Amino acid sequence: MSLSTARCGLPAREILYSSISNALSSIRNSAELHKVHALVITAGLDRSAFLTGKLISKYARFREPTSSISVFDRVSPTNNVYPWNSIIRALAHNALFSEALGFYSRMRDVGVRPDAYTYPSVINACAGLGDAEMGKVVHQHVSEAGFGSDLYIGNALIDMYARLDDMGKACHVFGEMSQRDVVSWNSLISGYSSNQYWEEALWYYSELKLDGILPDLYTVSSILPACGGLVAVREGRILHGLVEKIGVDGDIIVRNGLLSMYFKFGNVTDAQKVFDEMVFRDIVSWNTLVCGYCQLRLFEDSIQLFRDMITTCTPDLLTVTSVLRACGHLGDLELGTFVHDYSERKGMEFDTRANNILLDMYAKGGNLLAARQLFNKMKDKDSVSWNSLLNGYILHGSYGEAMQLFKMMKMETEPDSITHVMLLSVSTQFADIYLGGEVHCHIVKLGFTIDLRVCNALIDMYAKCSKLEDSLRIFGLMDICDIVTWNTIISACNHHQDCCLGFQMINAMRNEGLVPDEASLLGILPICSLLAAKQQGKEIHGYIFRLGFESNVPVGNALIEMYSKCGNLKGAVGVFELMKVKDVVTWTALISAYGMYGEGQKALKAFAQMEVAGILPDHVAFIAIIFACSHSGMVEEGLNLFDCMKNKYNIEPRMEHYACTVDLLSRSGHLTKAEDFILSMPLKPDASIWGALLSACRANGNMKIAERVSKRIIELDTDMTGYNVLVSNVYASMGKWEQVRSVRKSIRSKGLKKSAGCSWMEIKKRVYIFGTGDRSFEQFEEVYQLLDILGSLMAKQGYVPDLQCVLHDVDDDEKEDMLCGHSERLAIAFGLLNTEPGSPLQIMKNLRVCADCHTVSKYISSIVQREILVRDANRFHLFKNGACSCGDRW
DNA sequence: GTAGGGTTAG
């Protein structure tokens with residue numbers, strides 16, 4: 001149509017045609033579309049290929065594919081490709097993929113040649129159906145038709161292969177393309193990203209930049225999950241900057257992606273910041289936040305967010321399941337049940353995944369009946385369903401049910417690696433090496449030894465079953481390990497009191513480039529405490545500062561204990577004072593520290609301050625404070641607290657509290673009172689109770705009560721080596737060798753091993769260990785010579801050896817020699833020889849210091865004018881100028 | 001673009 005005819009008047013039909021065509025382009029809703037459609041029919045234009053094509057597309061946009069089809073049917077059959085393209089695109093757009101493909105084959109059947117506009121929709125339909133076979137066929141058609149290098153078709157093919165998880169082919173198509181735009185790159189990158197090939201996604205993203213292509217918001221939104229998955233913090237930050245630059249109105253999808261990424265980094269601050277700055281938030285934004293907090297195990301925050309959310313936005317299944325998960329972990333059955341009811345009222349359909357979360361919530365919360373009912377009702381159970389219920393039974397001690405369920409599970413489905421991890425945790429809890437070994441066999445058979453978490457659980461199981469060598473063997477076989485592996489092995493060293501190995505492990509871990517986390521620090525600090533490794537402990541404290549863990553409450557608590565057990569009360573108090581948040585464990589650590597140093601008054605003051613701070617003492621706090629009173633001879637105060645515990649705080653005294661109180665009475669010489677106290681106990685006294693009294697009898701030389709108590713302990717037939725040894729020693733000091741032999745025989749027949757007495761000290765970061773009568777160290781001759789000299793000096797000052805402390809049936813001369821070989825003396829002498837004159841000495845002993853060594857230490861401190869700090873199994877003794885800080889109550 | 005079960009840690 002020329003310009004002149006347009007101006008001077010068109011035939012009516014053509015005017016109608018062009019005005020309808022214009023109207024079709026500017027239609028905004030379905031009602032308008034229907035009006036125009038009616039107009040097309042009245043004008044008799046409903047067989048026009050161009051107009052019908054437009055109508056088909058418009059109906060598709062307003063989600064009325066059936067109308068699209070009826071429009072198409074008016075022109076069909078047609079040789080014009082335009083309506084065919086429109087109908088295929090319309091159907092694919094409305095997710096009617098098989099229908100779209102049906103029209104594609106009809107089109108070919110009637111001999112209409114598809115063009116470059118046909119294929120993208122057809123390819124899209126194959127991808128939507130997940131039909132790899134058909135996809136291949138269509139790809140073949142494309143090649144045959146010579147469209148192999150078409151940009152739009154290429155992009156569609158990449159997208160299709162990516163959605164079929166065939167990144168090899170996607171990449172191949174990408175490589176073959178002669179021309180690429182940002183969409184091509186985006187399709188490839190988002191393909192890698194959504195199939196979780198994060199390294200590749202990031203790699204192609206860097207290639208895209210090298211190619212000089214400007215990333216758009218689609219690029220960013222597909223690369224963000226990769227940054228999150230790889231914890232690529234630096235790249236993530238750069239992307240965030242890019243979003244600020246190109247995201248004019250803050251594209252919501254990208255912002256949601258940023259939120260998710262920051263949660264994957266564990267960076268709550270920035271996630272919250274992105275969220276706070278968002279102008280628009282949709283359900284996904286809220287869900288990402290609620291789920292994100294949940295995944296970082298910040299369950300309370302997650303629930304609080306949910307409460308905030310429901311005022312502005314209606315929760316969906318995802319929100320509900322996240323909250324249910326939080327309720328499960330917090331054991332909040334009440335809220336969980338409420339949310340469950342809410343979702344039922346809203347008519348939400350629970351899929352398997354959602355049901356599993358619900359099941360887990362009931363199982364963790366202890367409503368095993370509800371869990372079981374849900375489990376029985378579920379149609380599509382997967383291994384997670386079985387495991388969740390199994391875990392519920394295990395958590396709540398229903399081991400019989402757990403085992404029965406496991407049997408059923410084996411019949412209906414294949415137990416997976418996580419099932420085995422849970423079975424291992426049962427073995428670990430009971431230290432049941434037989435069950436553990438059996439599970440280990442299954443694990444090997446099923447090939448789960450490649451699973452990191454299974455190996456971690458195995459290491460832990462063997463460690464808790466006292467098989468450190470087996471733990472180390474498994475550890476040695478592992479090619480890859482994570483922070484949990486290291487932490488597990490460190491805690492294993494801690495359990496086995498193998499301090500050297502513990503330090504080796506933490507160093508090896510750091511050499512691997514792993515940064516210790518809270519659990520690592522909580523594993524290594526007790527090793528420092530145990531070993532009294534002052535220097536190492538201090539270094540770790542420095543490290544804690546650098547890592548930013550100084551405000552972590554459990555870490556702070558472990559630091560207080562470390563300093564106090566390393567002989568540095570000031571350090572312990574210093575850490576305590578710097579802690580901003582303190583819990584009952586923090587205060588208890590401080591009270592115990594004072595207790596160990598015989599600072600009973602300070603312990604009492606701390607106890608009072610704790611109450612003022614609004615923290616209620618728990619049963620451990622009472623053990624600490626009664627212990628402190630006991631070691632400071634504060635009998636009245638201690639008894640008072642014991643009464644208070646029940647009357648004021650409603651805490652029922654446990655065996656440990658009775659043991660502490662018996663210790664309190666008997667240690668300060670009230671042996672008869674202690675015995676009466678024991679006989680009036682509502683619990684049946686165990687060996688720890690009688691043992692406390694017996695130690696005091698021995699120290700006091702009250703052999704009458706000692707003999708009665710010894711009989712009681714023998715009657716109890718305890719497996720605790722220490723109490724058997726104590727009884728044997730008491731008989732030995734009474735010279736009753738017959739009884740000594742009998743007790744020793746019983747120790748042997750029970751297969752108990754006496755832990756050998758040993759002492760150790762740290763000099764210039766090296767730890768020196770001494771056993772009883774040890775002659776295996778280099779300077780032993782000098783050490784024994786020095787002890788001889790000191791012995792004669794002491795004799796002149798009136799020292800008489802306390803031969804009751806020697807526990808072998810030998811003559812008195814020999815006994816004296818044996819006393820000289822006590823490990824703490826060797827350590828003291830060694831320390832005197834190897835440290836600066838006048839400097840303080842610090843010695844650790846695994847057992848309690850005997851009365852004679854206590855006396856000797858006092859003499860030595862005066863003769864050599866040195867402070868000697870000795871930590872034994874119970875407390876610290878500071879020997880200075882011939883006296884001891886404990887006032888001889890040890 | 002958001003989702004489930006288990007292992008270390010006092």
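Quick caveat: nothing in here was measured; it's all calculated off a predicted structure. Within every chain, numbering begins at 1; the chains are lettered A, B, ... in the order of the sequence lines, protein sequences first and strands thereafter.
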Practice task
Whole angstrom is fine here: how far is it from CZ in R281(A) over to P in dT2(B)?
Solution key: 19 Å

Problem - Given dT8(B), dA3(B), dT7(B), the nucleotide with the shortest approach to the side chain of K464(A) - result: dT8(B)

Problem - Length of the line joining L305(A):CG and dT2(B):P, which is rounded to integer Å - result: 18 Å

Check residues 357-367 of chain A and write down every donor-acceptor pair under 3.5 Å in which the side-chain atom is one partner and the other belongs to a residue at least two apart or another chain.
from: D360(A); atom 1: OD1; to: K364(A); atom 2: NZ; distance (Å): 3.0
from: D360(A); atom 1: OD2; to: K364(A); atom 2: NZ; distance (Å): 2.7
from: Y362(A); atom 1: OH; to: H340(A); atom 2: ND1; distance (Å): 3.0
from: N367(A); atom 1: OD1; to: A370(A); atom 2: N; distance (Å): 3.1

Practice task
Please determine, for the side chain of T288(A), which listed nucleotide (dT2(B), dG6(B), dA3(B)) has the closest atom?
Solution key: dT2(B)

Handout entry: Residues in contact with DNA chain B, drawn from residues 555-562 of chain A - heavy-atom cutoff 4.0 Å
Key = none

Exercise for the section: Using a heavy-atom cut-off of under 4.0 Å over every strand shown, decide if S388(A) touches base, sugar-phosphate, or nothing. Expected result: sugar-phosphate

Problem - Among dT2(B), dT7(B), dA3(B), the one nearest R453(A) by side-chain distance - result: dT7(B)

Handout entry: Under-4.0 Å salt bridge between R453(A) and D451(A)
Key = yes

Handout entry: Side-chain N,O (S491(A)) to OP1/OP2 (dA9(B)) below 4.0 Å
Key = yes

Exercise for the section: Starting from P on dG6(B), measure out to CG on L452(A) and report it in whole angstrom. Expected result: 17 Å

Exercise for the section: Under the side-chain hydrogen bond (donor to acceptor under 3.5 Å, both in side chains) rule, collect the residues that match up with D482(A), sequence neighbours excluded. Expected result: N456(A), T485(A)

Practice task
Round to the nearest Å and state the distance from H495(A) atom NE2 to dT7(B) atom C1'.
Solution key: 13 Å

Problem - Salt bridge present between D276(A) and K273(A) (N-O < 4.0 angstrom) - result: no

Practice task
Looking at every strand, decide which applies to D416(A) at a 4.0 Å heavy-atom threshold: base, sugar-phosphate, or nothing.
Solution key: base

Exercise for the section: Starting at atom CE of M348(A), determine the distance to atom P of dA3(B), rounded to an integer number of angstrom. Expected result: 17 Å

Practice task
Give K264(A) one of three labels, base, sugar-phosphate or nothing, depending on what nucleic acid heavy atoms sit under 4.0 Å from its own.
Solution key: nothing

Practice task
Please report, rounded to the nearest Å, how far the P atom of dA9(B) is from the CZ atom of F549(A).
Solution key: 16 Å

Problem - Test: E244(A) and R255(A) ion pair at under 4.0 Å - result: yes

Practice task
Give a yes/no verdict on a cation-pi contact between R510(A) and Y543(A), requiring under 6.0 Å between NZ or CZ and the six-membered ring centre and an angle within 45° of the axis.
Solution key: yes

Practice task
Looking only at side-chain atoms of D460(A), point me to the closest of dG6(B), dG10(B), dT8(B).
Solution key: dT8(B)

Practice task
From the options dA3(B), dG6(B), dT8(B), select the nucleotide whose nearest atom is closest to the side chain of L318(A).
Solution key: dA3(B)

Practice task
Figure out the CG/P separation between L522(A) and dT7(B), and round it to whole Å.
Solution key: 17 Å

Handout entry: Nearest to side-chain heavy atoms of V484(A), which nucleotide of dG6(B), dA3(B), dT7(B)
Key = dT7(B)

Practice task
Please say whether more than 12 non-hydrogen atoms of neighbouring residues, nucleotides or ligands are located less than 6.0 Å from NZ in K381(A).
Solution key: yes

Practice task
Look at all strands and tell whether T319(A) reaches a base, only sugar-phosphate, or nothing, counting heavy atoms closer than 4.0 Å.
Solution key: nothing

Completion exercise
Considering only heavy side-chain atoms of N487(A), the closest of dT2(B), dT8(B), dG10(B) is dT8(B)

Exercise for the section: Could you tell me whether D159(A) and R163(A) have a side-chain N and a carboxylate O separated by less than 4.0 Å? Expected result: yes

Exercise for the section: Would you classify D382(A) as touching base, sugar-phosphate or nothing, given that sugar-phosphate means primed atoms plus P, OP1 and OP2, and contacts are heavy atoms under 4.0 Å? Expected result: base

Exercise for the section: Using whole Å, report how far CG of N456(A) lies from P of dG6(B). Expected result: 15 Å

Exercise for the section: Output the single nucleotide from dG10(B), dA3(B), dT8(B) whose closest atom is nearest the side chain of D351(A). Expected result: dA3(B)

